[in-house]
Amino acid sequence: MRTRAALHAAALVAITAIAAPSQDRFVVAGWTTSTPQPLLEMDATGTSFTTVLTFPWNFGVHEIRMADDNRSYRIFGRDTQLGPQAILDATGGVLTTVASGGPLFLAFGGVRNSDGDWYVLNRTPLSDLTILRLRGNTLTQLSTAGKITPIALTRDEATGQLIVRGTIIGGASGYFRIDPNTGTVTSLAARAANTTATGSVELLYDPATGGVIDGQRINLAAQVMLVDPTFGEVPFGAALQTHVPIGMARSGPRRHPVAYYLLTHQTAGNPHVFQYQGDGSITVTSSFPTPIFPAAFARIGARHLAWFVNRAPNDRRLRVSFPGEGGKAYTVAFSLTGMRPGIGLPDGRTIPLVVDALTVASLAGGIPNVLQNTVGFLNAQGQAVVTVDTSRFGSALKGRKAWAVAVLLDPASPTGVAYITKPTLLEINE
């Protein structure tokens with residue numbers, strides 16, 4: 001198995017033109033020479049474009065994420081002329097407004113938690129960064145994090161905090177952890193002095209380090225960075241000259257050893273999609289003309305795990321979703337201990353969980369009436385539901401955390417493992 005030091009040391013990039021075609025598909029939004037703007041579905045090579053829907057006049061998209069059901073899209077954006085903010089859902093080509101207006105002013109994006117709520121980053125007219133909770137269609141302000149301009153975010157699955165790339169107004173530019181409940185800001189890593197504000201609007205959480213994988217623009221080149229809490233920013237592969245990073249996404253279940261996609265726009269040319277292996281090498285480079293100038297994108301079907309509350313506060317279900325994989329075997333393993341160092345596989349991948357008694361129980365099918373359906377087969381839609389009900393323990397487990405990882409099994413894969421999800425954190429707060 002590759003060590004983290006070896007991964008950090010990877011500096012040479014092999015770019016090949018011949019590789020198995022990717023079956024992953026994406027939604028991408030951006031700008032055209034006229035409005036209104038479209039939401040497009042595209043393949044990884046840019047040879048296939050389909051219009052999903054058309055946004056309202058002058059609506060600009062900042063971020064797209066897969067919605068709760070892993071079929072719809074949650075879209076964060078605003079009217080670029082009049083200023084009203086909106087959080088939208090796109091389902092079957094139809095747009096629905098989830099929330100709009102106050103307290104939204106500049107909504108930069110959101111992430112889900114284990115209560116099934118969304119944490120939304122919002123900047124006020126006074127440039128304060130506020131953390132809003134979106135529960136259903138209701139927005140509630142949880143905290144204020146100070147005068148920070150955010151660009152990208154993800155969730156720290158170790159702590160439940162937010163990880164944000166942004167700039168403190170009048171201060172440092174870097175990566176920050178933000179406690180959504182208190183607004184407390186701590187530094188994760190500083191940014192390189194020659195880094196511009198332009199970069200991917202997605203951060204990919206890295207369970208191996210507790211940091212993130214990020215696409216930045218440095219010295220007029222796109223550069224993927226491993227942002228490590230210990231080592232700081234470490235280049236991942238070669239710099240891509242004259243490219244502007246737009247977005248990043250993890251690959252789908254059938255793309256190993258491809259690990260990530262980077263969408264860029266060339267300063268004097270077309271958009272590109274780069275397919276990265278786990279060691280930083282690029283296996284496929286796709287350049288393509290597009291009807292838009294891309295601003296945000298997401299891999300379709302990428303929300304493999306999503307929490308929902310059956311009965312508040314501690315009766316939950318964890319939806320497992322692998323579109324197109326109906327009938328395949330799955331396992332959802334839990335741990336009370338943590339994610340690192342994880343379980344190494346012969347092909348270099350790691351299952352990011354520390355084995356403990358809860359792991360053993362979940363691999364055996366769970367704990368009756370507490371943790372159920374952790375082993376089984378996906379239904380025809382590629383879904384399964386794991387139930388986690390700690391209600392019988394009252395407040396005895398308040399403050400405890402657990403981590404879950406889903407593994408899609410397939411005997412046709414060399415190790416028997418077709419896909420490993422990133423971990424998801426379960427927080428028992430009541």
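Residue numbers count from 1 along this sequence. All values below come from the heavy atoms of this structure, side chains included, with hydrogens, waters and symmetry mates left out.
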[atom1]-[atom2] distance between [X] and [Y], expressed to the nearest 0.5 angstrom:
| X | Y | atom1 | atom2 | result |
| --- | --- | --- | --- | --- |
| D206 | I213 | CG | CD1 | 4.5 Å |
| L153 | L203 | CG | CG | 7.0 Å |
| Q277 | F236 | CD | CZ | 9.5 Å |
| I148 | T130 | CD1 | OG1 | 11.5 Å |
| R250 | I420 | CZ | CD1 | 11.5 Å |
| F49 | I292 | CZ | CD1 | 7.0 Å |

Considering all heavy atoms, the nearest [X]-[Y] contact:
| X | Y | value |
| --- | --- | --- |
| G278 | A259 | N-CB, 4.0 Å |
| R191 | G174 | CG-CA, 3.1 Å |
| N379 | Q381 | OD1-N, 2.9 Å |
| L95 | I75 | CD2-CD1, 4.2 Å |
| E427 | T159 | OE2-O, 3.7 Å |
| P180 | S143 | O-OG, 2.8 Å |

Exercise for review: Could you give me the CA-CA distance, side-chain angles and deciding distance for L53 and V94, then say whether side chain to side chain contact (heavy atoms under 4.5 Å, CB included) is met?
Suggested key: CA-CA 7 Å; L53 53 83; V94 177; over 6 Å; no
Checking [X] side chain against [Y] main chain: does a donor-acceptor pair fall under 3.5 Å?
| X | Y | result |
| --- | --- | --- |
| T350 | P352 | no |
| D115 | D117 | no |
| S335 | T337 | yes |
| T374 | S362 | yes |
| D43 | R25 | no |
| D79 | F59 | no |
| R135 | T140 | no |
| R217 | G199 | no |
| Q85 | F105 | yes |
| R65 | G110 | yes |

Practice item. Walk me through it: do R165 and D214 pass the test salt bridge (Lys or Arg N to Asp or Glu O under 4.0 Å)? Key: CA-CA 9 Å; R165 170 165 46 81; D214 185 23; 2.6 Å; yes
Point to revise | Within 45° cone of Y260 ring axis and under 6.0 Å: R255 NZ or CZ | key: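 R255 over Y260 ring: no.
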Counting C-beta onward and ignoring hydrogens, is there a side-chain heavy-atom pair between [X] and [Y] closer than 4.5 Å?
| X | Y | result |
| --- | --- | --- |
| V388 | L426 | yes |
| W118 | D68 | yes |
| F393 | N314 | no |
| R74 | I87 | yes |
| I343 | V355 | yes |
| L358 | W403 | no |

Does the side chain of [X] come under 3.5 Å of the side chain of [Y] through a donor N or O and an acceptor N or O?
| X | Y | answer |
| --- | --- | --- |
| N70 | S321 | yes |
| S413 | D410 | no |
| T424 | W307 | yes |
| T154 | E157 | no |
| R316 | T387 | no |

Review point. Which is it for F176 and L162 under the side chain to side chain contact (heavy atoms under 4.5 Å, CB included) test, yes or no, and what are the steps along the way?
Key: CA-CA 8 Å; F176 308 97; L162 308 179; over 6 Å; no
Practice item. Give a yes or no on this: more than 12 heavy atoms of other residues, nucleotides or ligands lie within 6.0 Å of atom CZ of F377. Key: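 No - once you tally the heavy atoms of other residues, nucleotides and ligands closer than 6.0 Å, there are 12 at most.
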Practice item. Starting from the C-alpha separation in whole Å, work towards a yes-or-no answer on salt bridge (Lys or Arg N to Asp or Glu O under 4.0 Å) for D389 and R311. Key: CA-CA 9 Å; D389 187 0; R311 181 169 52 92; 3.7 Å; yes
Point to revise | Centroid-centroid under 6.0 Å between H272 and H243 rings | key: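 Under 6.0 Å, so yes.
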Exercise for review: Just say parallel, tilted or perpendicular for the rings of F322 and Y419, cut-offs at 30° and 60°.
Suggested key: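 Rings of F322 and Y419: perpendicular, as their planes differ by over 60°.
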Review point. Aromatic rings F108 and H62: how do their planes relate, parallel, tilted or perpendicular, breaks at 30° and 60°?
Key: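 Judged by the thresholds at 30° and 60°, the geometry between F108 and H62 is perpendicular.
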Exercise for review: Evaluate side chain to side chain contact (heavy atoms under 4.5 Å, CB included) for N113 paired with R155, printing each intermediate quantity in order.
Suggested key: CA-CA 8 Å; N113 63 19; R155 188 177 185 227; 3.9 Å; yes
Exercise for review: Could you give me the CA-CA distance, side-chain angles and deciding distance for T96 and T91, then say whether side chain to side chain contact (heavy atoms under 4.5 Å, CB included) is met?
Suggested key: CA-CA 8 Å; T96 302; T91 305; 5.8 Å; no
**Study point:** Electrostatic pair D156-R177, nearest N-O below 4.0 angstrom
**Key:**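 A salt bridge is present here (some side-chain N lies under 4.0 Å from a carboxylate O).
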Review point. With a 4.0 Å cut-off, would you call E430 and K398 a salt bridge?
Key: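 Judged by the 4.0 Å cut-off on N to carboxylate O distance, E430 and K398 do not form a salt bridge.
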Point to revise | Positive for ring pair (Phe, Tyr, Trp, His ring centres under 6.0 Å) with Y261, one of F274, F26, Y276 | key: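 Running ring pair (Phe, Tyr, Trp, His ring centres under 6.0 Å) over F274, F26, Y276 with Y261 returns exactly one hit, F26.
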